Amino acid sequence: MGDVLAGFHAAWEFESDSVLIRYERGIRTPKLFQALGERRVPLEAIAGVTLTRGKRGTVVLRVEPRPGADPLMEAAAGQLKESGDPYRLVLPAEREVLAEYYADELRTLLTESGPADRFLVEPPKGPLSFKAYDGKATFDGRTVNFRWFWTGASSAKWKAGDQSFSVGELNGVEWRSPEVFEGHMRLLRRDMGEAAAQADQDPAAVVFGLGYGPVHESLPFAAAVLAAVRTSAPVAAVSAAGPRRDPADIAERIRHLGELHQAGLVTDEEFSVKKAQLLSEL
């Protein structure tokens, strides 16, 4: 079709094989949309199209992605609010006839339905990072790293130390929205046997809350990791030693470890073992 339909916060360009969604960067645009920038949705990733009446004199055009076609929606697992749905285009009611035309045209081009056997929509681009309540998460496309904050991380995570997970070690990602109670992002490991611990005690999880891990940062991160996991073959676990770190960073972490030791949160033995581990990374 090659035409553009502009609505509130986004414009859709209808092409012969896809819909290109460009999100605005205005102050009223949801932050998730701004973080996504633009997304190309292949027609084979779309199961259907709907047009409904919205609020306050608007209409809503929405494409329904096929289950399993979009890593972002798979990671969200139905937790996004309606206003944060990246597949909704809200338009003034006077554009209803035009929106209905595009909806009908798009329906005639759809040939696929049912779950997709692979991701068809590109995941958010890396490298990605965000600050959770108890640590900083980074992802370079191959490895997820968690670096704990001494002000928020539990003693269990401090004892375990900073974590690195290659995508080959993982089965998936569990994302629980920061807008609900006990929000977190947990990496699901291939070797995970027993039921997972609470997120604040699990070294494979970071905890949200108090403004940490907002949707527009943590969800694209989770989606990117999930997409990498689905396309990666199992690989050997990351070396326990990991990359060498800045001596100043090691010294700061030893100081924080000493504070936990003095507070009675870490035993003498645990303090000695962890200190030796940190020193070995110099």
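Everything numeric in this text was worked out from a predicted model, so none of it was measured.
Judged by distance alone, the side chain of Asp134 and the main-chain N or O of Val207 form a donor-acceptor pair under 3.5 Å. Side chain of Arg190 to main chain of Gly168: a donor-acceptor pair is present (N/O by atom type, distance under 3.5 Å, no hydrogens or angles). Judged by distance alone, the side chain of Lys157 and the main-chain N or O of Phe149 form no donor-acceptor pair under 3.5 Å. Remark: the backbone N or O of Ser166 is paired with a side-chain donor or acceptor of Glu169 at under 3.5 angstrom. A distance-only check finds no donor-acceptor pair linking the side chain of Tyr23 to the backbone of Pro30 [under 3.5 Å].
The shortest non-hydrogen separation linking Ala156 to Gln201 is CB-OE1, 3.2 Å. When every heavy atom of Ser83 is checked against every heavy atom of Phe33, the shortest pair comes out as O-CZ, 3.7 Å. Of all the heavy atoms in Trp148 and Asp202, the pair that sits closest is CH2-O, 4.5 Å.
Here the straight-line distance linking atom CG of Leu61 with atom OH of Tyr102 works out to 11.0 Å at 0.5 Å rounding. Taking CZ of Phe139 as the start and CZ of Phe221 as the end, the distance is 7.0 Å to the nearest 0.5 Å. Atom-to-atom distance recorded for Thr29:OG1 and Leu36:CG is 12.0 Å, nearest 0.5 angstrom. In this structure, OG1 in Thr111 is found 8.0 Å from CG in Leu43, a value given to the nearest 0.5 Å. Rounded to the nearest 0.5 Å, atoms CG (Leu109) and CZ (Phe14) are 10.5 Å apart. The CG atom of Leu5 sits 7.0 Å away from the CZ atom of Arg95 when rounded to the nearest 0.5 Å.
By the 4.5 Å heavy-atom criterion applied to side chains, Met185 and Val173 are counted as neighbours.
The local environment of CD in Gln198 is sparse, with at most 12 non-hydrogen atoms from other residues, nucleotides or ligands closer than 6.0 Å. Surrounding CZ of Arg107 are more than 12 heavy atoms belonging to other residues, nucleotides or ligands, all under 6.0 Å away.
Under the ring pair (Phe, Tyr, Trp, His ring centres under 6.0 Å) criterion, Trp12 pairs with no residue, sequence neighbours left out. Checked against side-chain hydrogen bond (donor to acceptor under 3.5 Å, both in side chains), Gln79 has no partners two or more places apart in sequence or in another chain. Not a single ring pair (Phe, Tyr, Trp, His ring centres under 6.0 Å) links Phe119 to another residue, sequence neighbours left out. Residues forming a side-chain contact (heavy atoms from CB on, under 4.5 Å) with Val60 (at least two apart in sequence, or on another chain): Thr52, Arg88, Val90. Partners of Arg66 under the side-chain hydrogen bond (donor to acceptor under 3.5 Å, both in side chains) rule, at least two apart in sequence or in another chain, do not exist in this structure.
Between Arg176 and Glu182 there is no salt bridge, since no side-chain nitrogen of the basic residue lies less than 4.0 Å from a carboxylate oxygen of the acidic one.
Each of Arg39, Arg22, Arg40 was scored for a salt bridge (Lys or Arg N to Asp or Glu O under 4.0 Å) with Glu13, with one residue passing: Arg22. When the options Leu51, Val49, Asp85 are evaluated for a side chain to side chain contact (heavy atoms under 4.5 Å, CB included) with Arg62, the one that passes is Asp85.
Put simply, Tyr212 and Val225 are part of two different groups of oily side chains (I, L, V, M, F, W, Y) that touch within less than 4.5 Å, one to the next.
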Listing, residues 125-133 side-chain donor-acceptor contacts under 3.5 Å, not counting sequence neighbours, or none:
none

